[in-house]
There are 2 protein chains.
Amino acid sequence: MCKSTDPKRALFAELATVARALGHEHRVELLEHLAQGERSVEALARLTGLSMANASQHLQQLRRAGLLEARRDGKFVLYRLADDGIVQLMSVLRQTAERNIATVGALLARYFDGRDGLEPIGRADLVERAQAGLVTVIDVRPREEFDLGHVPGAVSIPLEELDARLEELDPAAEIIAYCRGAYCLLAVEAVVRLRAKGFSARRMEDGMPEWRAAGLPVVAG
Amino acid sequence: MCKSTDPKRALFAELATVARALGHEHRVELLEHLAQGERSVEALARLTGLSMANASQHLQQLRRAGLLEARRDGKFVLYRLADDGIVQLMSVLRQTAERNIATVGALLARYFDGRDGLEPIGRADLVERAQAGLVTVIDVRPREEFDLGHVPGAVSIPLEELDARLEELDPAAEIIAYCRGAYCLLAVEAVVRLRAKGFSARRMEDGMPEWRAAGLPVVAG
DNA sequence: ACATCATTCAAGCGATAACTTGAACGTATA
DNA sequence: TATACGTTCAAGTTATCGCTTGAATGATGT
């Protein structure tokens, strides 16, 4: 009667295939890094602590699911997200996990609320205040990620250099730190340190991938 | 230096747990049915063709991931989505799959474009034309799903009854059919049959879960 | 109390996934 | 051409998943 059974099942299977690709801790971490821009297998293996072979296999799995694309550049193979919408998928997945998993809520409470009492500043707010010269925006990611794209007007101060470069910062202005995204704690760490030195500091909501996904301007190089 | 490694990994693991719960064809299908409203294990097993024990295990897996909740009603255990946001998660997952998986595109082309040349009508459009009395809206899902909630003014004509009830339909009005969602082909089948009988018919975009998620009014009973 | 029915649990089997190791492939440099 | 290095492939081990079967649990009705 209804001929939909077969193709419907096939579609469910495709959805499941994409979901299964997201269903491993290491692949989520790889995607989180790739949300910053394209990376070589070696760089990803180093960032995640995986063996090359293992990272390569996970990356191929993600590519088979259509989430990643790869291109060759010299002796390197560079992977990148196949689509900007994948950032949105990760974001919705994160929201669901936040709402549904008690342990996530507990972790957030412990690592954000406990260490970073102030609310993060929204992106729209930030643009406004930056134009008014009220805030100094710092990018605390490694410099290579800064070079691949950053918030206009932001200063690159990787977390490692923060303590040594405090004199560059204006003690009168509020300092806004950002990093890779909602679950990247580099900016939280920066805020904690800056406050300990007497600065007024907050972190930006989310991070670079969400900024990019929101269609806001990005400066590279 | 950065103490984020441990909790960050834990968060990635939580995201992966939620994603893994979506990573099986049968669980996607169960969620698709549960997007219509709460269902007993027996009903879900019947709808999906799974054994009771198997369906039960998949449902428990979804519940452990925080996607479902269960309550007891007499001798039945009724499962429901833990959160309306899960519909959104499924929707984004579907969008990603559509963009990324060639086979999904091919399936859609074959089963939608091939059989249903006209574009589906949007929800806003539908509301407007229904108020103007220009269209007849029919709900081709099984009656039990209609009873749990349907578009205001819609007539329940399960697909099985369609051929027998053609005289109820106004040949002058355009007929809009809808069912469970983007991947439910009941409405497509209805449109094909109605056109074969000379009616002017289209399907509504998506289906009941998305209608509900869009905040549009729903009538029950 | 007993029978009934929906659901869950427990055990067992086959299949798949994750990780490691070592070798093979491709590209750049000496 | 030979070497080095990034990447991928292939094989093997361990662990987990999916499904079935049969028994156990929990609520209902006779």
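Keep in mind that this is a model prediction, so the values were computed, not measured. Here is the naming used below: chain letters follow the sequence lines, and residue numbers restart at 1 for every chain.
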Next on the checklist: Quick check: on DNA chain C, is the nucleotide nearest A:His26 upstream (toward 5') of the one nearest A:Arg72, or the reverse? Name the residue that is more 5'.
Outcome noted: A:His26
Checklist entry - Can you check whether B:Tyr79 has a side-chain N or O nearer than 4.0 Å to OP1 or OP2 of C:dT8? => result yes
Checklist entry - Starting at CZ of B:Arg64 and ending at P of D:dG18, how long is that distance when rounded to a whole Å? => result 10 Å
Checklist entry - Any donor and acceptor pair, going by atom type alone, linking the side chain of B:Trp211 with main-chain N or O of B:Pro217 inside 3.5 Å? => result yes
Item to check | B:Gln60, nearest nucleotide to its side chain (from D:dC5, C:dT8, D:dC9) | outcome: C:dT8
Item to check | Shortest side-chain distance from A:His24, nucleotide among C:dT7, D:dC9, C:dC19 | outcome: C:dC19
Checklist entry - Of the nucleotides C:dC9, D:dT7, C:dA6, which one has an atom closest to the side chain of A:Val41? => result D:dT7
Checklist entry - Less than 4.0 Å between a side-chain N and a carboxylate O, is that true for A:Glu210 and A:Arg94? => result yes
Item to check | Distance-minimising heavy-atom pair for A:Leu162 and A:Ile157 | outcome: CA-CG2, 3.8 Å
Next on the checklist: Can you see if the side chain of A:Asn54 gets near the phosphate of C:dA18 - specifically, an N or O under 4.0 Å from OP1 or OP2?
Outcome noted: no
Item to check | Ionic contact status for A:Glu145 with A:Arg180, cut-off 4.0 Å | outcome: yes
Next on the checklist: Please determine whether a side-chain nitrogen or oxygen atom of B:Ser56 lies at a distance below 4.0 Å from atom OP1 or OP2 of C:dT7.
Outcome noted: no
Item to check | Nearest to side-chain heavy atoms of B:Ala53, which nucleotide of D:dT20, C:dT4, C:dG22 | outcome: D:dT20
Checklist outcome for this item: B:Arg46 atom CZ is separated from C:dA6 atom C1', nearest whole Å, by 13 Å
Next on the checklist: D:dC17, OP1 or OP2 - any side-chain N/O from B:Gln61 closer than 4.0 Å?
Outcome noted: no
Next on the checklist: Base, sugar-phosphate or nothing for B:Glu25? Non-hydrogen atoms, less than 4.0 Å.
Outcome noted: nothing
Next on the checklist: Rounded to whole Å, how long is the line connecting atom CG of B:Leu50 with atom P of D:dC19?
Outcome noted: 7 Å
Checklist entry - How many Å lie between CZ on A:Arg20 and C1' on C:dT16, as a whole number? => result 10 Å
Checklist entry - Rounded to whole angstroms, how far apart are CG on A:Leu78 and P on D:dT8? => result 11 Å
Checklist entry - Do you know the tightest heavy-atom contact between A:Asn54 and A:Leu50? => result ND2-CD2, 4.1 Å
Checklist entry - Mapping B:Ser40 and A:Asp73 to their closest nucleotides on DNA chain C, which lands nearer the 5' end? => result B:Ser40
Checklist entry - Which whole-number value in Å describes the distance from B:Met52 CE to D:dT21 P? => result 15 Å
Next on the checklist: Heavy atoms from C-beta onward define the side chain here; which of D:dT8, C:dT7, D:dT20 lies closest to that of A:Val77?
Outcome noted: D:dT8
Checklist entry - With a 4.0 Å cut-off on heavy atoms, is B:Arg27 in touch with a base, just the backbone sugar-phosphate, or nothing at all? => result sugar-phosphate
Item to check | Rounded distance (Å) that lies between atom P of C:dT8 and atom CG of B:Leu62 | outcome: 12 Å
Checklist entry - What integer distance in Å separates B:Phe76:CZ from D:dT28:P? => result 11 Å
Checklist entry - Using a cut-off of less than 4.0 Å, is there contact between a side-chain N or O of B:His58 and OP1 or OP2 of D:dC19? => result yes
Checklist entry - Touch check for B:Gln57, heavy atoms < 4.0 angstrom, all strands: base, sugar-phosphate only, or nothing? => result base
Checklist entry - Okay, side chain of A:Arg80, backbone of A:Glu38: is any donor-acceptor separation there less than 3.5 Å? => result no
